[in-house]
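Here the structure is laid out as structure tokens; the discussion comes afterwards.
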Amino acid sequence: MGTHEETLVQQWTEIAARTLRGRLTNAELARQVRDVYSALLALLSTTGDGELTGDHGGESRAVLAELSRAWARQGFTPSETASLVFTVKEVVLNLTGSGQTDQTLKDFLQLSLLVDDMGLFTFETYTKTRESVIADQTEQLLELSTPVVKLWEGVVAVPLVGTLDSARAQVVMEKLLQTLVDTGSGYAIVDITGVPAVDTQVAQHILKTVVAARLMGAECIISGIRPQIAQTVVALGIEFGDIVTKANLADALLHAMRASGVEVVRRASRDKAV
């Protein structure tokens, strides 16, 4: 294979480019093909043991792992990633042509088994990388979906939208407590207007957040309790105890401002009908 390196790499790149449909430049694809080719040669060399999982396969595994992670982050499919490795079989068959002997077939079988191991390794690494990327994105979405905003001096609010599960409840609690520390606020409003339904589990998460805020010295107000949710809470026998509840965020803010000593006066309209 070493004597046909340029021809092999060229054909390998051309065949691989068919499935990628221009998403990589030929120069970039050729560079990655050469990296995989070098990894394959290292395993087939006399210094290697011919096994990807063997003692001498560390460098080859590193090359394949880097390729798989890069392609996973760039949005390529696992099939496209593994196909880059498997394509070498077609190239080798084209180069050997019809002049095949028993030894040639034996060598090709050995090569094929090794390429299969390399392809499976890239697939497994790709999968682990995608799982890691999805986990990171999920965490980022949790952060974005649970903002803590300052409404007034000494008043912060957590507008909840969507389902409140254990993982998200933990993020809400951590962000709220940190904001209370950073702003020195004495009042926290937990607005559940965007929560579609409140069951026992959701209520427990909300109550835990309220208790945690109280331990930090902040009084909590729950707002956004719609009639349907109120009926559900009563039917489930959920007790909010002495926690202040309001129908909407505006009422909750007004209550917090008055409780903190701010006098709110409605300005009379200056424009009167003649």
Pair listing, salt bridge (charged side-chain N to carboxylate O under 4.0 Å, His left out) test, anchored in residues 31-40, at least two apart: E5-R34, E6-R34, E28-R31, R31-D35
Should L43 and V33 be regarded as members of a common hydrophobic cluster, given that ILVMFWY residues are connected when their side-chain heavy atoms come within less than 4.5 Å of each other, either directly or indirectly? yes
Kindly determine whether I243 and R214 satisfy side-chain contact (heavy atoms from CB on, under 4.5 Å), including the steps that lead there. CA-CA 10 Å; I243 302 173; R214 281 185 167 181; 4.0 Å; yes
I225 CD1 to N248 CG distance, which is reported to the nearest 0.5 Å: 11.0 Å
For S112, side-chain hydrogen bond (donor to acceptor under 3.5 Å, both in side chains) partners two or more places apart: K89
For the side chain to side chain donor-acceptor pair (under 3.5 Å) test, which of E80, Q32, E66 pairs with W71? Q32
Quick one: does any side-chain atom of R130 pair with a main-chain N or O of A72 as donor and acceptor, under 3.5 Å? yes
Correct closest heavy-atom pair for L29 and T13 would be CD2-O, 3.5 Å
When you measure from the side chain of W12 to the backbone of V85, do you find a donor-acceptor pair of N or O atoms at a distance under 3.5 Å? no
Please confirm whether the backbone N or O of L52 pairs with a side-chain atom of R61, one donor and one acceptor, at under 3.5 Å? yes
Would a single hydrophobic cluster contain both L113 and L64, if residues Ile, Leu, Val, Met, Phe, Trp and Tyr are joined by side-chain heavy-atom contacts under 4.5 Å? no
Rounded to the nearest 0.5 angstrom, the CD1-CG distance for I15 and L84 is 11.5 Å
Flag, side chain of Y187 to backbone of A259, donor-acceptor distance under 3.5 Å: yes
Test of understanding: clusters of I, L, V, M, F, W, Y form through side-chain heavy atoms closer than 4.5 Å, transitively. Do L93 and V36 belong to the same one? yes
Determine, stepwise, if the pair L67 / V63 fulfils side-chain contact (heavy atoms from CB on, under 4.5 Å). CA-CA 6 Å; L67 170 71; V63 171; 5.8 Å; no
Which pair of heavy atoms, one from F240 and one from L207, lies closest together, and at what distance? CD2-CD2, 3.5 Å
Cluster check L177, V211: I/L/V/M/F/W/Y, side chain < 4.5 angstrom: no
What's the verdict on side-chain contact (heavy atoms from CB on, under 4.5 Å) for L151 and L249, showing C-alpha distance, side-chain angles and the deciding distance? CA-CA 10 Å; L151 298 181; L249 183 58; 4.1 Å; yes
Pairing residues for Q170 by the side-chain hydrogen bond (donor to acceptor under 3.5 Å, both in side chains) criterion, not counting sequence neighbours: E174
What are the two closest heavy atoms between L176 and A213, and how far apart are they? CD2-CB, 4.2 Å
I'd like to know if the side chain of S132 and the backbone of K128 have a donor-acceptor N/O pair within less than 3.5 Å. no
Has F123 got more than 12 heavy atoms of other residues, nucleotides or ligands less than 6.0 Å from its CZ? no
CG (D251) and CD1 (I189) are apart, to the nearest 0.5 Å, by 10.0 Å
By the side chain to side chain donor-acceptor pair (under 3.5 Å) test, which pairs, at least two apart or in different chains, include something from residues 217-240? D191-S223
Nearest 0.5 Å, please: how far is CG in L215 from CG in L180? 11.5 Å
If every non-hydrogen atom of F121 is compared with every non-hydrogen atom of A65, which pair is closest and at what distance? CE2-N, 3.9 Å
Suppose the criterion is salt bridge (charged side-chain N to carboxylate O under 4.0 Å, His left out): which pairs have a residue in residues 118-127, not counting sequence neighbours? none
Could you grab the distance from atom CE of M118 to atom OG of S60, nearest 0.5 Å is fine? 6.5 Å
Show, in sequence, the C-alpha distance, side-chain angles and deciding distance for V198 and I192, and conclude whether the side-chain contact (heavy atoms from CB on, under 4.5 Å) test is met. CA-CA 9 Å; V198 173; I192 61 173; 4.2 Å; yes
Shortest non-hydrogen contact from C220 toward V210: CB-CG1, 3.6 Å
Close side-chain approach of L40 and L114, heavy atoms under 4.5 Å: yes
I want to check something: taking the side chain as every heavy atom from C-beta on, are L254 and K246 in contact at a cut-off of under 4.5 Å? no
Check side-chain contact (heavy atoms from CB on, under 4.5 Å) between Q74 and all other residues, then give those that pass, not counting sequence neighbours. L24, A70, F76
Over 12 non-hydrogen atoms of neighbours within 6.0 angstrom of CG in N26: no
Under a 4.5 Å side-chain heavy-atom rule over Ile, Leu, Val, Met, Phe, Trp and Tyr, are V88 and L120 clustered together? no
Heavy atoms only: give me the nearest I238-T200 pair and the separation to one decimal. CD1-CA, 4.0 Å
